[in-house]
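Convention: sequence-line order gives letters A, B, ...; per-chain numbering from 1.
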Number of protein chains: 2
Amino acid sequence: MEKKKFYSIGEIADKTGVSIRTLHYYDDIGLLTPAKDESSGHRKYSEDDIMKLQKIISYKFIGFSLEQIKEILSEQKFNMNLVDSLMMQKKLFEKEKKRIETSISAIDRAIKIIHEHGEIDSVVLMSLIRSMQTEDKQREWLESYFDKDVVDMIYVQTEGEMQKLDNVFIDFTKRVKELVGSPVDSPEVINLIEEYMKSTLSLFDDNFMETLATQTGNLDEINYDELEKLAPTPFSKEEEEWLNKAMEYYIEQSNFGEN
Amino acid sequence: MEKKKFYSIGEIADKTGVSIRTLHYYDDIGLLTPAKDESSGHRKYSEDDIMKLQKIISYKFIGFSLEQIKEILSEQKFNMNLVDSLMMQKKLFEKEKKRIETSISAIDRAIKIIHEHGEIDSVVLMSLIRSMQTEDKQREWLESYFDKDVVDMIYVQTEGEMQKLDNVFIDFTKRVKELVGSPVDSPEVINLIEEYMKSTLSLFDDNFMETLATQTGNLDEINYDELEKLAPTPFSKEEEEWLNKAMEYYIEQSNFGEN
DNA sequence: TATAAAGCCTAACGTAACTGTAGGTTCAAG
DNA sequence: CTTGAACCTACAGTTACGTTAGGCTTTATA
């Protein structure tokens, strides 16, 4: 004589931490369908139901959808398939983890920048964040023009270097937005660009500059549209055009790359 | 005379990687509402719209909801508030990251177990996973009965130890399910329990055992219901009762703890 | 024993951030 | 002039529930 004990939905909710509504829902979609008391219509959960629910919770934790869980639970074979699914789930999780990690460091970077600069143009901030977000694709893009080790050299930076670069970049954009429109041969403009180049390049050693020079061949063929998608500039069209001219002028003047 | 250039929705989608449908959606909810060509009704995006979209993408990446983004973009103050929000987002991300990490190691553990044992009772597998999932709460529970350092000792295990424990545990459950119902004084049963205890306890050193002994005072007052919620057993009621009796018998027989 | 409170029921709507589809209009090229 | 690509609106669907609303049942208390 087995006296089967049943539990009410509230008890199950307490026991497992799954809400009543969720249990209703699982019943609705046929995932966990307990017996019902004939007269009252109240659900009554058996020990088996509880075990099944534990499995459901576990599979959910591992990342399966309720639809998938339904399948898994109904299959007897169970095994072959499961390992594959587990590995897939793992890959998905690892991707997500990576995404979260970049998001976290983007946040850190943003916070630091705000602290350092106080009120900051959101456009600039965004362009930095966006460029982190697409770093992988930026690398790919760069690697289609330069050797991998050159690209690595560009990206291998310490925390401190990066922060320094951020600051330089932000100051630079600020000045650009102030000076836009003024004659490209004015001392301020020349000074601005000179300062910026020096600060930026100072982070790379001579070795790098040489390597870069040997590979800077057919720059005319570069696909700039692609790049724009990956790292939007914090400048308006107008600012950008002005900046280009200023750069050109500066390079001509200082016969950069000749000697 | 400024010649304003506009872009079609398709061009924007190409430029930014955001789908046309999503751009429609952003328009619908009033997040990004480009001008429209009077006659055709086609959306036309300005440079400003593109910048705004870049910001939207960035804020999304950092974890804000579209609703929040709408607010952020409409505010001029922008600054004070933003840093706080960023820190909050960071915390959320860090929580999520932790969750993912446990999920990943749960998967690893499950895969190893399946490889090791081939066909394995899913109930057992689930109970292991579930217990990882609730490890934090389990610790809390334990710490309400033992000192923190004792609890730490229980949980500090190397990869290898953990795997060994998993295997021991799984073999144990298998045997229990085979032997359930047989007399608790039979040699097989005694042997089973002896083996299990030895394997389990062998992982802890004497120091630990002593500490544990001094603290094992009022075990009667333990709140088992709480525990059940955190670490469901892989046994049915029947199996569990039988196992309890077998344990009691074994402990009496072997005058465990008296010495 | 009456009644209140707690617990349970179904049914329907709401959520976030989209994706998909149907049926129709506009634009660009040959 | 036609054809195909690009665009439009409008509606439905997705996941895994949360949140009511309105009405039974069961349990505890006066």
Separation of atom CG in D37(B) from atom P in dA28(C), rounded to whole Å = 10 Å
inquiry  = Distance alone, cut at 3.5 Å: any donor-acceptor contact between the side chains of D108(A) and S105(A)?
reply    = no
ask   = Counting side-chain heavy atoms from C-beta on, which of dT19(C), dA16(D), dG18(D) comes nearest to S19(B)?
value = dT19(C)
task = Figure out the OH/C1' separation between Y45(A) and dC9(C), and round it to whole Å.
result = 12 Å
task = Using a cut-off of strictly less than 4.0 Å, decide whether Y26(B) has a side-chain nitrogen or oxygen near OP1 or OP2 of dC18(C).
result = yes
request  = Look at all strands and tell whether K60(A) reaches a base, only sugar-phosphate, or nothing, counting heavy atoms closer than 4.0 Å.
outcome  = sugar-phosphate
message = Between L243(B) and F172(B), is there a side-chain heavy-atom distance shorter than 4.5 Å?
response = yes
message = Just the rounded figure in Å: distance from C1' of dC24(D) to CD of E38(A).
response = 17 Å
d(CD, E11(A); C1', dC8(C)) in whole Å = 12 Å
request  = Considering just the side-chain nitrogens and oxygens of S39(B), establish if one lies under 4.0 Å of OP1 or OP2 belonging to dT26(C).
outcome  = no
ask   = Taking NZ, NE, NH1 and NH2 as the nitrogens, is one of them in E241(A) or K237(A) under 4.0 Å from a carboxylate oxygen of the other?
value = no
request  = Would you kindly compare S40(A) and H42(B) by the position of their nearest DNA chain C nucleotide and give the one closer to the 5′ end?
outcome  = S40(A)
Rounded distance (Å) that lies between atom C1' of dC9(C) and atom CD1 of I9(A) = 9 Å
task = Pick base, sugar-phosphate or nothing for K44(A), based on heavy-atom distances below 4.0 Å to the nucleic acid.
result = nothing
Short side-chain N/O contact from T22(A) to OP1 or OP2 of dG18(D), under 4.0 Å = yes
ask   = In whole Å, what is the span from the CD1 atom of I12(B) to the P atom of dC7(D)?
value = 10 Å
ask   = For dC8(C), does OP1 or OP2 lie under 4.0 Å from any side-chain N or O of R43(A)?
value = no
query = Where the side chain of R21(B) is defined as all heavy atoms beyond and including C-beta, which of dA16(D), dC18(C), dT21(C) is the nearest nucleotide?
reply = dT21(C)
ask   = More than 12 non-hydrogen atoms from neighbouring residues, nucleotides or ligands closer than 6.0 Å to CD on E159(B), yes or no?
value = no
query = Under 4.0 Å between a side-chain N or O of K36(A) and OP1 or OP2 of dT10(C)?
reply = yes
inquiry  = Side-chain N or O of S8(B) versus OP1/OP2 of dC7(D): is the shortest distance under 4.0 Å?
reply    = yes
query = Taking atom P of dC13(C) as reference, at what distance in whole Å does atom CG of D28(A) sit?
reply = 15 Å
note = Between OH of Y7(A) and P of dC8(C) the distance, given in whole Å, is 15 Å
query = Does K5(B) make a cation-pi contact with Y7(B) (under 6.0 Å, within 45 degrees of the axis)?
reply = yes
ask   = Base, sugar-phosphate, or nothing: which does I20(A) touch, judged by heavy atoms less than 4.0 Å apart?
value = sugar-phosphate
